[in-house]
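As a basis for the values below, the full set of heavy atoms in this structure was taken, side chains included, without hydrogen atoms, waters or symmetry mates. In listed order, ligands and their atoms are each counted from 1.
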Amino acid sequence: MWGRVLTDGQELPHSRVAIADGRIESVTATGRPEPRDLRFEDGWIAPGLIDVQVNGAGGADLTSAEDPAAALAHVARTLAARGVTSFCPTIVSTPLASITRSLAAYGPRTIQGGAESLGLHVEGPFIDPEHRGVHALEHLRSASREEIDIWLEAGSPAIVTLAPEQPGGLEAIEQLADSGTVVSLGHSGADAAIAQAAIDRGARMATHLFNAMPPLHHRRPGLVGALLASNRAVLGLIADGMHVDSLVIDLVVRRCGADRVALVSDALAAAGTAPGHSVLGDQTVVSDGRVVRRLDGTIAGCAVLLDECLRNVRMWLPDLPPATLIKMATQTPARLLGQTRKGRVAAGCDADLVVLDPNFNVRLTIVGGACGPD
Ligand SMILES: [Zn+2]
């Protein structure tokens, strides 16, 4: 294929991207495409999008799925149709047996015609009841070495979201980080000192920064202040226009830079479907087409997918270079997860690509060298 390329925070001139055996064979700048090349005069060839927080999509909820394999495949194909080539299937707080089942069912794997799973994101159950959001109170519990041992036996999670100030929280961070899991801080009322201790113990991410945590206060900077000030944590941000104001997205991107921001959808089953009722874990939720809420009005998550979040940020920050924008949904999450062959358009990387038009609409998705469902 031939077109302008976004990679490594830069825009390359028109180039040939050659693919062989599921990998990118070469990227060569040239004004002349080969006769057989797919040509994209405008728009860009970019790394496929990577979403590290996806609870469901296309009507399927991963936490409560009766047939996890079928749900995963359905979500993966829904995502691939929208430019996402790999993702972390995400479950909310749930009993131990459901977590081990999900670790086995949603671990790293390729999926025919769909986005690849990079491993499970376990959101909760070791979170603050006061900041649980839509997580069910009865499923929350204290972190214990014994429970985490059982998780690791079933399969290593890619990401665990926990509240470091809760009993066993700091010890759990060390245990998980030692096992190679990315620990993300969220659903938490931690003060700045505990948050810094958590980062010192190995926490490397913030889960939907600003949501389900106390707001930034100039005399009590808290978790949000500590995360913004640290240069060791990647900040997950939901750019749907509802969870975080566009002004705040602007502030964070300019303060922290694209190397430290991972755009996430936090998509629920309702994403990619018409507005209406659906499920999250064992609760009924309702979507207006953008935001999904519990029936009492509590925000539960997002009804839009990552491509739409990118278009939002492009609209809000029109002077942000496209290569900087795309990095927050590709290279930054890939690096966070230690995925060295993903998130870039470079020789040797997986042939996970998305072709975007000048307005960042998805024109084509390629996963592992194969065209996606559309
Ligand atoms: Zn959450």
Side-chain angles (χ1 to χ4, degrees), residues 51-57 61-64 75 87-94 98-99 102 106 120-141 143 157-166 169 172 181-190 195 198 203-215 222-224 227 233-244 248 261-271 278-283 285-287 290-294 296-306 309 333 336:
D51 192 340
V52 299
Q53 192 165 2
V54 179
N55 294 278
D61 174 53
L62 293 168
T63 306
S64 63
V75 170
F87 71 114
C88 292
T90 304
I91 58 168
V92 293
S93 298
T94 188
S98 175
I99 294 178
S102 298
Y106 301 143
L120 184 67
H121 180 164
V122 183
E123 189 186 5
F126 311 143
I127 60 174
D128 176 12
E130 299 290 314
H131 294 94
R132 67 183 182 278
V134 78
H135 290 238
L137 188 60
E138 68 264 29
H139 296 322
L140 307 190
R141 49 197 181 266
I159 302 174
V160 172
T161 292
L162 57 74
E165 79 283 8
Q166 294 298 303
T181 295
V182 171
V183 178
S184 189
L185 306 177
H187 287 277
S188 160
R204 285 291 169 269
M205 183 185 167
T207 293
H208 46 55
L209 186 71
F210 300 110
N211 296 111
M213 57 186 72
L223 180 61
V224 170
L227 286 162
V234 168
L235 311 171
L237 278 181
I238 307 174
D240 64 342
M242 276 296 295
H243 281 79
V244 185
V248 176
V261 175
L263 298 178
V264 301
S265 69
D266 198 13
L268 303 191
S278 57
V279 296
L280 172 64
D282 45 20
Q283 305 182 65
V285 290
V286 61
S287 161
R290 293 191 68 80
V291 178
V292 184
R293 297 176 189 272
R294 206 161 55 189
D296 66 6
T298 306
I299 293 185
C302 222
V304 304
L305 294 172
L306 195 54
C309 296
L336 172 71

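- Taking the six-membered ring for Trp and the full ring otherwise, the centers of H135 and H187 sit less than 6.0 Å from each other.
- Counting only heavy atoms from C-beta outward, the side chains of Q53 and T207 approach each other to under 4.5 Å.
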Test side-chain hydrogen bond (donor to acceptor under 3.5 Å, both in side chains) on N55 and D266; report intermediate values, then the result.
CA-CA 6 Å; N55 294 278; D266 198 13; 2.9 Å; yes
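- Between V134 and I299, the shortest heavy-atom contact is CB-O, 4.2 Å.
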Verdict with supporting geometry, D128 and H131, side-chain hydrogen bond (donor to acceptor under 3.5 Å, both in side chains)
CA-CA 5 Å; D128 176 12; H131 294 94; 2.7 Å; yes
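- Any protein N/O/S atom under 2.8 Å from the Zn ion (ligand 1) was counted, giving 3 altogether.
- Contact of the S188 side chain with the I127 side chain is not registered, since no non-hydrogen atoms from C-beta on lie closer than 4.5 Å.
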